[in-house]
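Beneath this line is the structure, given in structure tokens, with notes to follow.
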Number of protein chains: 2
Amino acid sequence: MADASLWTALADPHRRAIVALLLERPRPVGEIVEACGLSQPGTSKHLKVLREAGLVRVRQDAQRRVYALEPAPIAELDAWLAPYRKLWNRSLDALGRRLDETARETATREAPDDAPNDLEGPTTKD
Amino acid sequence: MADASLWTALADPHRRAIVALLLERPRPVGEIVEACGLSQPGTSKHLKVLREAGLVRVRQDAQRRVYALEPAPIAELDAWLAPYRKLWNRSLDALGRRLDETARETATREAPDDAPNDLEGPTTKD
DNA sequence: CAGGCATATAGCCAAAGAGGCATATTGCCT
DNA sequence: AGGCAATATGCCTCTTTGGCTATATGCCTG
């Protein structure tokens, strides 16, 4: 499943950095190499991983290869995340936790009928 | 930066499976072991990773340790995702919602017994 | 057609990670 | 106290992966 490679691809900080770079605008390899401070082959390898995960696409411009973000896989991530979003919305409400970029604050104080995830009790953390 | 460990934690399919399990409800270790078909120590190790990433919380109930999802880190993921969401929304608009149906397709689930379970959330496409 | 860029691939090494088994630890029960 | 049940840790192995250097490929230009 491509899902696996998606997570694997984004697991690496350098690759997330590259993805962030490409969010701003498409870029040729040289630029990416310079930005993330790796060797050119190393960067190329990361780009390969991103390519195979479908996260980026390449356009050839003479000798340059211009990489650009591919939106679909990230949408996939978003879809994966969806079920969890309602969970932390509930918690956010309960704990009064403030998160920077939620934008989902609908003030829906519905009482959870089953309340599957009550994380209370003596929380023994590590 | 808990971010790194967050991605690393979710990079593993077994750990994503565990997280999916805990989305339904909190569970003791034994149940998780059974569900993901790994050895008990192996499962425990995964739980440790999730714990250290802040993704789960433990409540001690007699000899049992009941694990539950911690919403905040997933919210963090959502925050990370936010800038990209704009991007693919744009594309979605441009492509005439073709991606939308891709993202909303439902996946078939199978009951995990001893097989490698893919109880990941709404696995999209493929 | 030779030369030079820009990028990809191949080969190699060290480090991390996932998995298993055996064992320690902790709490309950008799 | 002794034993069992549930979970965590240590240790070992094997595979994967990230990084590098060296080399191949493709494309443009003189």
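Any value given below was found using the heavy atoms of this structure, including those in side chains, with hydrogens, waters and symmetry copies removed. Residue numbers begin at 1 in each chain, while the letters A, B, ... track the order of the sequences.
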| B:His46 side chain N/O closer than 4.0 Å to the phosphate oxygens (OP1, OP2) of C:dG19? | yes

| query | What nucleotide among D:dG19, D:dA8, C:dA18 has an atom nearest to a side-chain atom of B:Arg51? | reply | D:dA8

| query | For B:Glu52 and C:dG17, what is the distance between atoms CD and P respectively, to the nearest whole Å? | reply | 11 Å

| task | Please check the phosphate of D:dG19 (OP1 and OP2 only) for any side-chain N or O of A:His14 closer than 4.0 Å. | result | yes

| message | Taking only side-chain N and O atoms of B:Arg15, does any of them lie within less than 4.0 angstrom of OP1 or OP2 on C:dA18? | response | yes

| field | Candidate list B:Ile32, B:Ile18, B:Val66, test side-chain contact (heavy atoms from CB on, under 4.5 Å), partner B:Arg27, passing option | value | B:Ile32

| Is any side-chain N or O of B:Ser39 closer than 4.0 Å to OP1 or OP2 of C:dG19? | no

| Please give, in whole Å, the distance from C:dA6 P to A:Arg59 CZ? | 16 Å

| message | Measure CH2/B:Trp7 against C1'/D:dG18 and give the value in whole Å, please. | response | 19 Å

| Contact under 4.0 Å: B:Arg65 side-chain N or O vs D:dT7 OP1/OP2 | no

| request: Measure the distance from NZ on A:Lys45 to C1' on D:dC20 and round it to the nearest whole Å. | output: 9 Å

| Counting only distance, no hydrogens or angles, is the base of C:dA8 paired donor-acceptor with the side chain of A:Gln40 under 3.5 Å? | yes

| query | Taking the inter-plane angle between the rings of B:Trp7 and A:Trp7 on a 0 to 90° scale, is it parallel (under 30°), tilted (30 to 60°) or perpendicular (over 60°)? | reply | tilted

| request: Could you identify which residues of residues 25-38 of chain A place a heavy atom less than 4.0 Å from some atom of DNA chain C, listed by residue number, or say none? | output: A:Pro28, A:Val29, A:Gly30

Would you be so kind as to tabulate the donor-acceptor pairs closer than 3.5 Å made by side chains of residues 40-53 of chain A, with sequence neighbours excluded?
unit_1: A:Thr43; atom_1: OG1; unit_2: A:Ser39; atom_2: O; d: 2.9
unit_1: A:His46; atom_1: ND1; unit_2: A:Arg15; atom_2: NH1; d: 3.1
unit_1: A:Arg51; atom_1: NE; unit_2: A:Tyr67; atom_2: OH; d: 3.3
unit_1: A:Arg51; atom_1: NH2; unit_2: A:Tyr67; atom_2: OH; d: 3.3

| Is the backbone of B:Leu10 close enough, under 3.5 Å, to the side chain of B:Arg16 for a donor and an acceptor to pair up by distance? | yes

| Does a side-chain N or O from B:Tyr67 land closer than 4.0 Å to OP1 or OP2 of D:dA8, or not? | yes

| task | Calculate the interatomic distance between A:Lys48 atom NZ and D:dT16 atom C1'; express it in whole Å. | result | 15 Å

| request: Counting heavy atoms from C-beta on, name the nucleotide in D:dT7, C:dC5, C:dA8 closest to the side chain of A:Gln63. | output: C:dC5

| said: The side chain of A:Ala62 is closest to which nucleotide in this list: D:dC28, C:dG27, D:dG18? | reply: D:dC28

| message | Output the rounded distance in Å from CG (B:Asp12) to P (D:dT15). | response | 17 Å

| Is there a side-chain contact between B:Val19 and A:Tyr84, using heavy atoms and a 4.5 Å cut-off? | yes

| Does B:Lys86 use its side chain to pair, donor to acceptor, with the backbone of B:Pro83 at less than 3.5 Å? | no

| Under 4.0 angstrom between B:Ser44 side-chain N/O and D:dT7 OP1 or OP2 | no

| query | Are the side chain of A:Arg65 and the backbone of A:Val29 linked by a donor-acceptor contact shorter than 3.5 Å? | reply | no

| said: Looking at A:Arg64 and A:Glu31, is any side-chain nitrogen of the basic one under 4.0 Å from a carboxylate oxygen of the acidic one? | reply: no

| remark: Note: for A:Gln60 and A:Thr8 on DNA chain D, the residue whose nearest nucleotide lies more 5' is A:Thr8

| query | Expressed in angstrom and rounded to an integer, what is the separation of B:Arg64 atom CZ from D:dA6 atom C1'? | reply | 7 Å

